[in-house]
Amino acid sequence: RRNIDNLRYADKSNVGMLSEADLDMLADAKKAFDEMNLVPCCYSSIWNIIDGRLNCMLVQRSADYPVGVPFDTTQYAVLTHLFARHLGVRPGILTHVMADSHIYENQIEGVKKQFDQYEELKTIRHPIPQFIFKKDAPTNFWQIKIDDFDVIDYEPMPAIKYEVAV
């Protein structure tokens, strides 16, 4: 909540920062592993408003490229739209910084299929998917529900099953 308020009321910097990690828990490595099994991969984000657009830089320490990255990127893209609506600005640029991007050995076949789908997708004309709010959707971030928006013109390729590695 403080991040959104900082962005709304800061007069010059218009910068907000979030830490997605529980820093107290991370101070005790054994406790962190016992309770979380894994230190959070996405651990911080920096938000700013420039020229009426809300931008987000997501920082990730570790990125399981075929499984985690699509989810993380989508999650923060949606948050950018939700926060922007709340602040009365337009969504801007999402920058995703990953320190360690990787594909696990048990994901290689799925990645090959994904490359094949990408080549196929380049030959098909699809409209660009759009994230839109319904007319009666609230502007308050804390009141928005999943039924308040739609993704239109999204035509997914066939699903590829990947194993999650921890």
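No experiment lies behind these values; they were computed from the predicted model shown. In this chain, numbering begins with 1 at the start of the sequence shown.
Residues Asp147 and Lys134 approach most closely at O-NZ, 2.9 Å, considering heavy atoms. Looking at every heavy atom in both residues, Tyr43 comes nearest to Gln60 through CE2-C, 4.1 Å. Nearest heavy atoms, Ile144 versus Phe133: CD1-CE2, 4.1 Å.
Side-chain contact between Tyr65 and Gln114 is absent, with no heavy atoms from C-beta onward closer than 4.5 Å. Between Ile108 and Ile103 the shortest side-chain heavy-atom distance falls below 4.5 Å. Between Thr139 and His86, the closest side-chain pair of non-hydrogen atoms is not below 4.5 Å. With a 4.5 Å cut-off on side-chain heavy atoms, Met98 and Val69 count as touching. Contact check for Asn55 versus Ile50: side-chain heavy atoms found under the 4.5 Å cut-off. Proximity of Tyr162 to Val111: side-chain heavy atoms (C-beta onward) are separated by under 4.5 Å at one or more points. Considering only heavy atoms from C-beta on, Thr74 stays 4.5 Å or farther from Asp72 through its side chain.
Atom CD of Glu120 and atom CD1 of Ile124 lie 4.5 Å apart (nearest 0.5 Å). Atoms CG and OG1, from Leu58 and Thr73 in turn, are 7.0 Å apart once rounded to the nearest 0.5 Å. Expressed to the nearest 0.5 Å, how far CD1 of Ile93 lies from SG of Cys56 amounts to 11.5 Å. Rounded to the nearest 0.5 angstrom, Ser44 OG and Arg61 CZ are separated by 12.5 Å.
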Review item, side-chain donor-acceptor pairs of residues 152-160, under 3.5 Å, at least two apart:
| unit_1 | atom_1 | unit_2 | atom_2 | d |
| --- | --- | --- | --- | --- |
| Glu155 | OE1 | His126 | ND1 | 2.7 |

Determine all donor-acceptor pairs shorter than 3.5 Å in which one atom belongs to a side chain in residues 78-85; sequence neighbours excluded.
| unit_1 | atom_1 | unit_2 | atom_2 | d |
| --- | --- | --- | --- | --- |
| Thr80 | OG1 | Tyr76 | O | 2.8 |
| Arg85 | NE | Pro138 | O | 3.0 |
| Arg85 | NH2 | Ala137 | O | 2.8 |

Derivation of the side-chain hydrogen bond (donor to acceptor under 3.5 Å, both in side chains) call for Gln143 and Asp148: CA-CA 10 Å; Gln143 295 173 351; Asp148 292 326; over 6 Å; no
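Counting only residues at least two apart or on different chains, the salt bridge (Lys or Arg N to Asp or Glu O under 4.0 Å) pairs with a member in residues 93-112 are Glu109-Lys112.
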